[in-house]
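So the structure is just underneath, and the comments pick up after that.
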There are 2 protein chains.
Amino acid sequence: MQDSLSQTFSALADPTRRALLARLSKGEASVSDLAKPFLKEMSLPAVTKHLKVLEKAGLITKGREAQWRPCKLNVVPIKDATDWMEQYRIFWEESLDRLDDYLKTVTTKQKSKGSKNGRSKQTK
Amino acid sequence: MQDSLSQTFSALADPTRRALLARLSKGEASVSDLAKPFLKEMSLPAVTKHLKVLEKAGLITKGREAQWRPCKLNVVPIKDATDWMEQYRIFWEESLDRLDDYLKTVTTKQKSKGSKNGRSKQTK
DNA sequence: TGGTTAATTAACCTGAAAGTTAAATATGCA
DNA sequence: TGCATATTTAACTTTCAGGTTAATTAACCA
């Protein structure tokens with residue numbers, strides 16, 4: 001058995017499953033509704049399996065209504081994954097800062113037609 | 001070949017690889033440095049393979065310095081993955097709002113010993 | 001009761017992921 | 001040169017993911 005973060009990431013690591021989630025973000029849908037856009041590319045049981053993966057990862061829950069299984073999105077594991085990723089946010093914000101500084105340097109250079117230093121990355 | 005989001009998510013879907021990234025977030029390290037904490041559980045070539053997965057996903061880059069291959073974190077794909085997840089943020093914020101409302105209702109009830117509305121979720 | 005629709009299960013195939021051990025490749029240094 | 005260290009590659013095994021087709025289950029409806 002896998003830890004739940006791994007399960008979430010691996011559920012998300014498939015474009016069909018991400019598309020299913022995207023569809024469900026617009027509202028509940030039955031299995032055949034969900035499958036419809038994919039039936040050119042794969043069989044219904046294949047979609048069933050994808051849904052099972054999503055269900056095991058806690059990303060969707062299936063209800064029952066007559067012969068339909070209305071699926072709905074559960075976003076909690078996505079939030080958990082996002083929370084995990086947050087620990088890296090500082091890194092890309094940092095690098096955006098550097099980009100910012102760099103752009104400022106370029107702008108300055110353009111205005112003053114000259115650089116105060118020979119290196120490219122030096123500001124700040 | 002996989003699309004890059006799938007590659008990122010699938011690279012992140014392994015606790016060893018996430019631990020490697022976490023280690024790299026503290027600074028560059030060589031392969032053997034990185035491997036050290038895992039050598040009780042797996043062989044060095046296994047770690048090499050994990051690093052290759054991370055490298056192919058663009059999450060790290062390997063340099064060379066004598067016989068060492070210093071690895072460093074590249075956080076861009078993580079940002080991309082986060083950006084993708086952002087489309088779901090509204091959902092969990094929504095549900096936190098509902099929780100918030102609920103807590104407010106409970107508090108109000110405690111203070112006023114009565115509820116202003118007759119909705120179903122208010123008890124308990 | 002029997003037919004239709006919705007969905008799942010079973011049995012199977014193929015390929016790739018994740019690990020192994022052993023051998024090969026670089027690089028530094030005495 | 002030749003040995004030691006760092007890392008990768010090769011060859012192999014096992015397990016699992018993702019797909020298939022065919023059969024089965026479940027519910028509705030006439």
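Every chain is numbered from 1, with letters handed out A, B, ... down the list of sequences.
Taking the side chain of Trp68(A) as heavy atoms from C-beta on, and the options dA11(C), dT7(D), dA6(C), the nearest nucleotide is dA6(C). Set against dT20(D), dA7(C), dT9(D), the side chain of Leu44(A) has dA7(C) as its closest nucleotide. Candidate nucleotides dT20(C), dG19(D), dA22(D) were compared by shortest atom distance to the side chain of Ala46(B), and dT20(C) ranks first.
For dA18(C), the OP1/OP2 oxygens have a side-chain nitrogen or oxygen of Arg17(B) closer than 4.0 Å. Put simply, Ser32(A) has no side-chain N or O that comes within less than 4.0 Å of OP1 or OP2 on dT5(C). Listed pair Lys52(B) / dA17(C) fails the phosphate criterion, with no side-chain N or O lying under 4.0 Å from OP1 or OP2. At least one side-chain nitrogen or oxygen of Ser43(A) sits closer than 4.0 Å to the OP1 or OP2 atom of dT20(D). Distances shorter than 4.0 Å separate none of the side-chain N or O atoms of Arg64(B) from OP1 or OP2 on dT7(D). When the side-chain nitrogen and oxygen atoms of His50(B) are compared with OP1 and OP2 of dA17(C), none of them lie within a distance under 4.0 Å. When the side-chain nitrogen and oxygen atoms of Ser10(A) are compared with OP1 and OP2 of dA17(D), none of them lie within a distance under 4.0 Å. In terms of phosphate contacts, Lys62(A) brings a side-chain nitrogen or oxygen within less than 4.0 Å of OP1 or OP2 of dT8(C).
Each of Asn74(A), Leu20(A), Leu24(A) was compared with Ile60(A) under the side chain to side chain contact (heavy atoms under 4.5 Å, CB included) criterion, and only Leu24(A) meets it.
Sequence order on DNA chain D of the closest nucleotides to Ala66(A) and Thr48(B) puts Thr48(B) first from the 5' end.
A straight line from NZ of Lys56(B) to P of dA17(C) spans 8 Å, rounded to a whole angstrom. Distance Glu65(A) CD to dA26(D) C1': 15 Å, rounded to the nearest Å. Atom P of nucleotide dG18(D) and atom CD of Gln2(B) are separated by 9 Å, given to the nearest angstrom. Note: CD (Glu55(B)) to P (dT8(D)) measures 8 Å, nearest angstrom. Regarding Gln67(A), its CD atom lies at a distance of 5 Å from the C1' atom of dC28(D), rounded to whole Å. As rounded to whole Å, 6 Å separates atom P of dT8(D) from atom CZ of Arg69(B). If you take CG of Asp14(B) and C1' of dA17(C), they are 10 Å apart, rounded to a whole angstrom. If you take CD1 of Ile60(A) and C1' of dA7(C), they are 13 Å apart, rounded to a whole angstrom.
Checked by atom type and distance alone, the side chain of Tyr88(B) pairs as donor or acceptor with a backbone atom of Ala22(A) at under 3.5 Å. Formation of a donor-acceptor pair under 3.5 Å by the Arg17(A) side chain with backbone atoms of Ala11(A) is found in this model.
Two residues are said to be in side-chain contact when any heavy atoms from C-beta on lie closer than 4.5 Å; Val75(B) and Leu21(B) fail this criterion.
With salt bridges taken as basic N to acidic carboxylate O contacts below 4.0 Å, one links Arg89(B) and Glu86(B).
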